[in-house]
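Please read the structure below before turning to the comments.
The basis for the numbers below is simple: all heavy atoms, side chains too, and nothing from hydrogens, waters or symmetry mates. All residue numbers in this chain count up from 1 along the given sequence. Order of appearance sets the numbers: ligands from 1, and atoms from 1 within every ligand.
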Amino acid sequence: MKPKKALLIVDLQNDFCPGGALGIPAGDRIIPPVNKYIRIFAKEKLPVIASRDWHPVRTVHFRDFGGVWPVHCIQNSKGASFHPGLKLPKKGVIYVYKGMDPARDSYSVFQAEDDQGTDFAHILKRSGINELYIAGLATDYCVKFTARDALKAGYKVKVLMDAVRGVDLKPGDSEKAIKEITKLGAKKTTLKNLEKRK
Ligand code: VGL
Ligand code: ZN
């Protein structure tokens, strides 16, 4: 199988968008660019992967049980649904879920699995994916930890700068996250860049 790239859309869910339980300021502003990336990848018949933060009611991830976060993205809730503006194609999208373990605080999509229980790394191998184009929320958590794990495992990583946004619990966290992952080998790109290359 010829190695190929995939688009990874991280946690573009209601609870991470304005009005949600953990609303990221202007988190929904990335939706139009994300939809454009989806069209580009779908047109080239390249895989699109969408992750969801998918928590049980009780987990150490939440403030009430020792974590730092307010309750968010409860399995099957409206807050855990994809933002309605996200235009995922009917066919060909790979869906993965993370954050199900009540005893673990995990952020990386490398800790996600599909509804068959197949883990993310295995899905990538099986599909011959060697490069991830990462979009979504949040830059300073899931995007950062996912990019780090991907680079560690030998994948190439592109961060889609016009299609990520951060929580910034501390101001500057997102900027720091981008610096950290680019130092580790991730490259930054934008829609303009991709379109230029055609
Ligand atoms: C995330 C905060 C809490 C993320 C998940 O996926 O980036 N951030 N839970
Ligand atoms: Zn979470």
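- Here the protein heavy atom with the shortest distance to atom 5 (C) of ligand 1 is Asp53 OD2, 3.1 Å.
- The aromatic rings of His61 and His55 sit tilted relative to each other, their planes meeting at an angle between 30° and 60°.
- Geometry about the Zn ion (ligand 2) gives an angle of 100° between OD2 of Asp53 and NE2 of His72, rounded in steps of 10 degrees.
- In plain terms, the two heavy atoms of Lys144 and Ile181 that are nearest each other are O-CG2, 3.8 Å.
- Contacts between Lys98 and ligand 1 below 4.0 angstrom, taking non-hydrogen atoms only, involve the side chain exclusively.
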Do Thr190 and Asp162 pass the side-chain hydrogen bond (donor to acceptor under 3.5 Å, both in side chains) test, and can you show the C-alpha distance, the side-chain angles, and the key distance before you say yes or no? CA-CA 6 Å; Thr190 58; Asp162 44 4; 4.8 Å; no
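- When you scan the N, O or S atoms of His55 for the one nearest the Zn ion (ligand 2), you land on NE2.
- The atoms of ligand 1 that sit less than 4.0 Å from any heavy atom of Asp11 are 4 (C), 6 (O).
- Of the protein's heavy atoms, Tyr141 CB, 3.8 Å lies nearest to atom 8 (N) of ligand 1.
- Considering only non-hydrogen protein atoms, atom 4 (C) of ligand 1 sits nearest to Cys142 CB, 3.4 Å.
- By the 30° and 60° cut-offs, the orientation of the rings of Tyr141 relative to Tyr107 is tilted.
- Tyr155 and Phe110 have tilted rings, their planes meeting at an angle from 30° to 60° on a 0 to 90° scale.
- Between Ile24 and Gly166 the shortest heavy-atom distance is CG2-O, 3.1 Å.
- In this structure, the protein non-hydrogen atom closest to atom 1 (C) of ligand 1 is Phe16 CZ, 3.7 Å.
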